[in-house]
**Student:** 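Okay, handing you the structure first.
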There are 2 protein chains.
Amino acid sequence: MRRLPLSLLAASLMLAIGTANAATQTTVPAAAVKSAEQLRDKAMSDNTGYQIVESLTTEVGPRLAGSPADARGREWAIAKFKALGFDKVYTEEVSYPLWERRSEHAEIVAPFPQPLALIALGYSAATPKGGLTAEVVRFDSLDALKKADPASVKGKIVFVDAHMTRQKDGRDYAIGSGVRVGGPVIASKMGAAAFLLRSAGTDAHSRTPHTGVTGFKDPKDAIPAAALSNPDADQLTRVLAYGKPVSIKLDLDCGITGTYKGANVIGEVTGKKHPDQVVVIGGHLDSWDPGTGAIDDGAGVAIAMAAGKLIHDMPQRPDRTIRVIAFANEEMGLWGGRAYAEKHAAEVSKFQLGSESDFGARKVWRMGASVKPEARGAIDQIAKMLAPIGVDYDGKMPGGGGSDLSQMHAKGMAALSLTQDGTDYFDFHHTANDTLDKIDPKELAQNVAVYATFSYMAAQADGDFGSAPGAFANDGAEE
Amino acid sequence: MRRLPLSLLAASLMLAIGTANAATQTTVPAAAVKSAEQLRDKAMSDNTGYQIVESLTTEVGPRLAGSPADARGREWAIAKFKALGFDKVYTEEVSYPLWERRSEHAEIVAPFPQPLALIALGYSAATPKGGLTAEVVRFDSLDALKKADPASVKGKIVFVDAHMTRQKDGRDYAIGSGVRVGGPVIASKMGAAAFLLRSAGTDAHSRTPHTGVTGFKDPKDAIPAAALSNPDADQLTRVLAYGKPVSIKLDLDCGITGTYKGANVIGEVTGKKHPDQVVVIGGHLDSWDPGTGAIDDGAGVAIAMAAGKLIHDMPQRPDRTIRVIAFANEEMGLWGGRAYAEKHAAEVSKFQLGSESDFGARKVWRMGASVKPEARGAIDQIAKMLAPIGVDYDGKMPGGGGSDLSQMHAKGMAALSLTQDGTDYFDFHHTANDTLDKIDPKELAQNVAVYATFSYMAAQADGDFGSAPGAFANDGAEE
């Protein structure tokens, strides 16, 4: 157990005294604080979250957006919300381009013939039938590619070989995802035949390549694009170091085949006092296909569902509605989150507070908030409740709401950021190794405790957190 | 640095004094001991071994016996022996059944459709075109399968789900390889449609299945047989726990297509006094195909080649010949080792001492010896030389000679066992993760030092180690 330093405790007390009579200040009533403490402690030793993610990853497994498993995932979510006793369960349609993966192979043809382990990226084009053979040209970074003479790249397979290292906050993902999203587009514009990157991952010794989406907006611009595992990127670099021309044969069968109609699946615990005002939490239901989408993002769905279920099981319904959203197709471009924000933008003031979990299943260690100044007292109360279970409140960090809910936050929804320990997240992210065994039930329970506690306290607060059209346009949170 | 306890030092000294005048005792002359010490220390900071294994795994990559890469591996070995300056380089033919892997897929069909990561085992039969779908029946152990009613297995896919844990001496491999070699044969006899096992590996969280050979002696008896990765075995067990019939579709395209003529590749540093007497060391040149055969057994080949090279580079040739053998097709049944022993059985008395490295590239920590009693003094001298670099001499442990050379030992060759630290060996063994990055150059150099030192001291010894037809028939070493 971690405790607040005395100085912080004193500051909290002074803040509470100082704001007690200010009618414009948002606060959580004492009775709700007491109930929240019981809820938190119950959640810490409850295994509902783990049971949910075990059920999803076992019964549905991989859930590539638009695949047959996507539909099975929705059926699973509807049934699970109902089985958990949510008051209202419904879906909202989300349409997006249907990208299919069929097969992928690669081999070094010369000078040293041998297979390479790789995986096609989202929205990658297929290679011509029978494959594509071309010389490889390697760059250390995206910047080096940008500065290259297009003539040196034309007709070749561009290989960008940037490294990521493990970080608690996962900040190196900016490097890896930058290469993966931006690199293929740049290479395509420069006339490259295909694009390869060193996987955006921190598992230096594992032959499991990391897939993920590219930035191709128009299928006409797409070229074949894939990720090599880290050891394969090492191997290709060693082969290139012999100084001889290196040619690779790529055989990717994948591409966009039409439009798919999926859906966000939503479960609600109906508020008894303000049913139209909602605290919104969630995760995304789709996953990349090589793994079973346990940490990305079965965990997020499970955390939010379990938090809702624990609030549902309290003696009384909360004052405001708890809305749990299992988003559609986050992976290929926040399709579920964008559709949701478009549909609900006009009601943004009804969104009390929101946060989505989409950074794995390790313990939450940090909280940031984007709320109106008058709601900082309530945020302090939430922070005080979460401190004993290991969450540090960073008053300077904005609350972006998480991946899909970042879109609702961009419309003006007050939001939190709840950061999990991401040290090993990018070892497994978007790979075959994203499986249930990566989740520690006790760490997952801490996440459920965090989400249940903040959701309940926000639902019971006297006052709001400042949601309004465009309210947090310049808070610095990522969208 | 580790040092001999004083009591052992005293014992060694007394032994040396006590045996100095006994003409029948084998000893290493003082000048050779001094040269061996210099050789050992030079080897500890020499990177020839790492350069060799880097060259093999980069330029040839995976080397499945009988594949096109097998021939490239032989060409590589011949060229490398010559480049290193060995006095004599030659090959000896080895014939064996040619088993080919073409493709492998598996999926759970019901109740929860999803793909499974698996790899076909050596000598596995193919499934019928279009795949084989059958119900799964699970057993905790090979014993449980043996005790099962054949009627409960007939027409089904047998799944044996035995676990291995990490051990320094790798002893749990007896469990895993027991299931992999014996299980398919037993299942076939009981009428099973196919055989699956939990990979014989200790990487509990990696989706990289472990291949390896089965015990099928006659292709007519072979059924489709494959290994699931550990997380996939967990997943299948979870699915089975729902209590509903579980069916799997297996699609394995592989099988025996003929006979292949490969070869052991041999390099020698010719002895100046007794060129016909040989110290023999080696590794196996073939590897399983998912990885690049770095720890199994590029390392062994590199350790032995580098040891030979370091002895070659001494001011004078050794008294006896140092023979380095890169064996053919160890993986599918010691074909290279058996062919070698058959061919050279009559000359067994000329084999001074032998040992093969085939347990990875971690530091050697233990030595055992099967030698005549009169050679224990020389073994003590070798042990004393290896103790400072971390090798404990276990006087009760037999010296089996290693995988292929176990066959020559069985004919009567005096032999050592030099055990590497195998704690993480079965994380990578026979998987896609057996790649160069698993080898630490400093640990590999310690191996080279061990092999160079013992080889040189044995080559210079006054007297032999007891090799003779059938000399060590009952020493307890594994064949």
Side-chain angles (χ1 to χ4, degrees), chain A residues 54-64 67-69 72-73 76 101 103 105 107-108 111-117 203-209 229-242 244 246 289-294 424 427-428 431-439, chain B residues 54-64 67-69 72-73 76 101 103 105 107-108 111-117 203-209 229-242 244 246 289-294 424 427-428 431-439:
Chain A
E54 179 171 13
S55 167
L56 174 59
T57 58
T58 305
E59 297 163 29
V60 185
R63 304 172 299 284
L64 186 67
S67 70
R72 290 198 295 271
W76 172 91
R101 180 197 311 282
S103 65
H105 298 283
E107 59 192 75
I108 298 176
F112 307 134
Q114 57 190 282
L116 291 170
D203 50 337
H205 302 292
S206 179
R207 297 286 294 285
T208 40
S229 85
N230 270 292
D232 288 84
D234 292 340
Q235 181 81 334
L236 180 54
T237 299
R238 269 192 298 270
V239 172
L240 285 160
Y242 281 75
K244 302 171 185 172
V246 176
D289 46 335
T292 61
D424 67 0
D427 286 2
F428 311 123
T431 75
N433 280 331
D434 180 1
T435 46
L436 181 64
D437 55 293
K438 309 308 179 299
I439 297 181
Chain B
E54 179 172 14
S55 167
L56 174 59
T57 58
T58 305
E59 297 164 29
V60 185
R63 304 172 299 284
L64 186 67
S67 70
R72 290 199 296 270
W76 172 91
R101 180 197 310 283
S103 66
H105 298 283
E107 58 192 75
I108 298 176
F112 307 135
Q114 57 191 283
L116 291 170
D203 51 337
H205 302 293
S206 179
R207 296 286 296 284
T208 39
S229 84
N230 270 291
D232 288 83
D234 292 341
Q235 181 81 334
L236 179 55
T237 299
R238 268 192 298 272
V239 171
L240 285 160
Y242 282 76
K244 302 172 186 173
V246 176
D289 47 334
T292 62
D424 67 1
D427 286 1
F428 311 124
T431 75
N433 280 332
D434 180 1
T435 46
L436 182 64
D437 55 294
K438 309 309 179 301
I439 296 181

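Below, all heavy atoms of this structure are taken into account, side chains as well, without hydrogens, waters or symmetry copies. Throughout, protein chains are lettered first and strands after them, A, B, ... in sequence-line order, and every chain is numbered starting at 1.
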**Student:** Measuring heavy-atom distances to chain B, does P115(A) have an atom under 4.5 Å in its side chain, in its backbone, in both, or in neither?
**Tutor:**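 Contact with chain B involves the side chain of P115(A) alone.
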
**Student:** Ignoring hydrogens and angles, state whether a donor on the side chain of S67(B) or D289(B) is under 3.5 Å from an acceptor on the partner side chain.
**Tutor:**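 No.
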
**Student:** Under 3.5 Å, side chain of Q114(B) to main-chain N/O of F112(B), donor-acceptor pair present?
**Tutor:**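 Side chain of Q114(B) to backbone of F112(B): a pair is present.
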
**Student:** Given heavy-atom pairs under 4.5 angstrom as the criterion, report whether the side chain, backbone, both or neither of T57(B) touches chain A.
**Tutor:**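 Looking at T57(B), just its backbone touches chain A.
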
**Student:** Is it the case that T431(B) and N433(B) place a side-chain donor and acceptor less than 3.5 Å from each other?
**Tutor:**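 Side chains of T431(B) and N433(B): no pair found under 3.5 Å.
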
**Student:** Give the member of H205(A), R238(A), K438(A) that has the highest number of heavy-atom pairs under 4.5 Å with chain B.
**Tutor:**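 Ranked by contacts with chain B, first place is H205(A).
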
**Student:** Tell me, out of S229(A), A432(A), G61(A), who's got the most heavy-atom pairs with chain B below 4.5 Å.
**Tutor:**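 Between S229(A), A432(A), G61(A), the count favours A432(A).
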
**Student:** Should Q235(A) and T435(B) be marked as a side-chain contact (heavy atoms from CB on, under 4.5 Å) after you check the CA-CA gap, both sets of side-chain angles, and the distance that decides it?
**Tutor:** CA-CA 9 Å; Q235(A) 181 81 334; T435(B) 46; over 6 Å; no

**Student:** For each of D234(B), T208(B), L436(B), tally heavy-atom pairs with chain A at distances under 4.5 Å, and name the one with the top tally.
**Tutor:**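 Most heavy-atom pairs under 4.5 Å with chain A: L436(B).
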
**Student:** In terms of heavy-atom proximity below 4.5 Å to chain A, should Y242(B) be classed as side chain, backbone, both, or neither?
**Tutor:**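 The side chain, not the backbone.
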
**Student:** Using only heavy-atom distances, determine whether the side chains of T58(B) and E54(B) contain a donor-acceptor pair under 3.5 Å.
**Tutor:**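 Distance-only check fails for T58(B) and E54(B).
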
